[in-house]
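What follows is a set of notes on a single structure, which appears directly below.
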Amino acid sequence: MVDLKGQYSRIQQEVDTSILNVVKSGAFINGPQVSEFAVELQNYLSVKHVIPCANGTDALQISLMALGLKPGDEVITPSFTYIATVEVMALLGLVPKFIEVTPETFNIDVSQLESLISPKTKAIVPVHLYGQCAHMEEILKIANTYNLPVVEDTAQAIGADYTFSNGTTKKAGTIGTIGCTSFFPSKNLGCYGDGGAIFTNDSELAKKLKMCANHGQSIKYNHDIIGVNSRLDTLQAAVLKVKLPHLDEYTSARNKAADYYTKSLRRVNGIITPKTAANSTHAFHQYTLKLDGIDQTGLRKYLSSKGIPTNIYYPIPVHLQKGYSYLGYKKGDLPLTEYLCQNTVSIPIHTEMNNDIQDTICGAIKDYIQN
Ligand SMILES: *Cc1c(COP(=O)(O)O)cnc(C)c1O
């Protein structure tokens, strides 16, 4: 699904030097590269604070901790997401209230947001799924009315731009109260292991987030709150420092590949190519097709027999996962989410795609449908 080796080969020398510098310095924990990268990412995102941490899941957990959410508090979030978004809520004793997504963007359906808000609601966690922003303007409008913080899960959408109706543009993850991202190798800005970061423009909250990520301390051995240990490795920061200047070029390579797929597949019967939201650019972390009357398993098996990998993000929605049955959801509660899990398929997209590979993939999809 990705070509990490090909991407590495184009920046090999810079990456190798950067990694070697860390090894030679011996500063493996909180070396200067970590704070340098944080500042560089702040500048890229035009956000006041970037707090690096160990992975995207931790970023989400630390955010909910820093907001002071308490067991029993309700959080509105989609079920059509990676488990991490909801897992951290469960770990903190929070109660996820699942919201449907729109069939066009796969992001939360804002028309249902207000009806899910109760006196217990304490936060909204939209997920910018597959690389484009949820309808943040409307989410913020409702959040402001009810005085709710918004935590953006932007693990898949780093680099995407969101434009408000007044023309203001902001980077994904810098729109709400807090933004969370992951530097997992296959993410759009991936390191060579685990990594993550938290963004905010709120300086008080930034202090709290830093404390939460560092054993609840701001002064060594003074643990004012209960925290966790979540650091970005210096080695990973060294890799990310090299890759960040390439992020926009990576995003446009993904967009070019997506355009090529769309041109080739948009008239194929039974295939619905991805729509771009009106107010967000798309970082195309995934290129996800909707199937209309085409067997998901059959298509995947056929493509696999031709050596073409595919994936489903995600085959079982969170509300129907065994480990989350205690929440009391059942089949049919989120029909659209359930439909999408069974009628979407993601095909390879990355920074190293070329027309030949894409022709082969599209040809195989057409072969399956026409035969
Ligand atoms: C990848 C991902 C995460 C978790 O990131 P990790 O770094 O793997 O912990 C969270 N949410 C979404 C939507 C993701 O895609």
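In each ligand, atom 1 is the first atom listed, and ligand 1 is the first ligand listed.
- Close N/O approach between Ser182 and ligand 1 is found [any backbone or side-chain N/O within under 3.5 Å].
- When each atom of ligand 1 is checked for a heavy atom of Lys187 under 4.0 Å away, the hits are 1 (C), 2 (C), 3 (C), 5 (O), 14 (C), 15 (O).
- Side chain of Glu74 to main chain of Lys122: no donor-acceptor pair is present (N/O by atom type, distance under 3.5 Å, no hydrogens or angles).
- Against a heavy-atom cut-off of under 4.0 Å, Asn55 is close to the following atoms of ligand 1: 7 (O), 9 (O).
- In summary, the atoms of ligand 1 found under 4.0 Å from a heavy atom of Gly56, numbered by their order in the structure, are 5 (O), 6 (P), 7 (O), 9 (O).
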Where do Thr344 and Leu289 land on the side chain to side chain contact (heavy atoms under 4.5 Å, CB included) test, with the steps shown first? CA-CA 5 Å; Thr344 53; Leu289 299 169; over 6 Å; no
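- Ring centers of Tyr339 and Phe80: at least 6.0 Å apart, outside the cut-off.
- Looking at atom 15 (O) of ligand 1, its nearest protein heavy atom turns out to be Gln156 NE2, 2.9 Å.
- Atoms of ligand 1 found under 4.0 Å from any heavy atom of Thr57 (numbered from 1 in listed order, with element): 4 (C), 5 (O), 6 (P), 9 (O).
- Scanning all protein heavy atoms for the shortest distance to atom 11 (N) of ligand 1 gives Asp153 OD2, 2.8 Å.
- Atoms of ligand 1 found under 4.0 Å from any heavy atom of Ala84, numbered from 1 in the order shown, are 4 (C), 10 (C).
- For the pair Lys331 and Glu338, the salt-bridge criterion is not met [side-chain N within less than 4.0 Å of a carboxylate O].
- For the side-chain contact (heavy atoms from CB on, under 4.5 Å) with Val47, the qualifying choice from Thr200, Leu41, Thr174 is Thr174, the only one to do so.
- Residues satisfying the side chain to side chain donor-acceptor pair (under 3.5 Å) criterion with Gln156, sequence neighbours excluded, are Tyr314.
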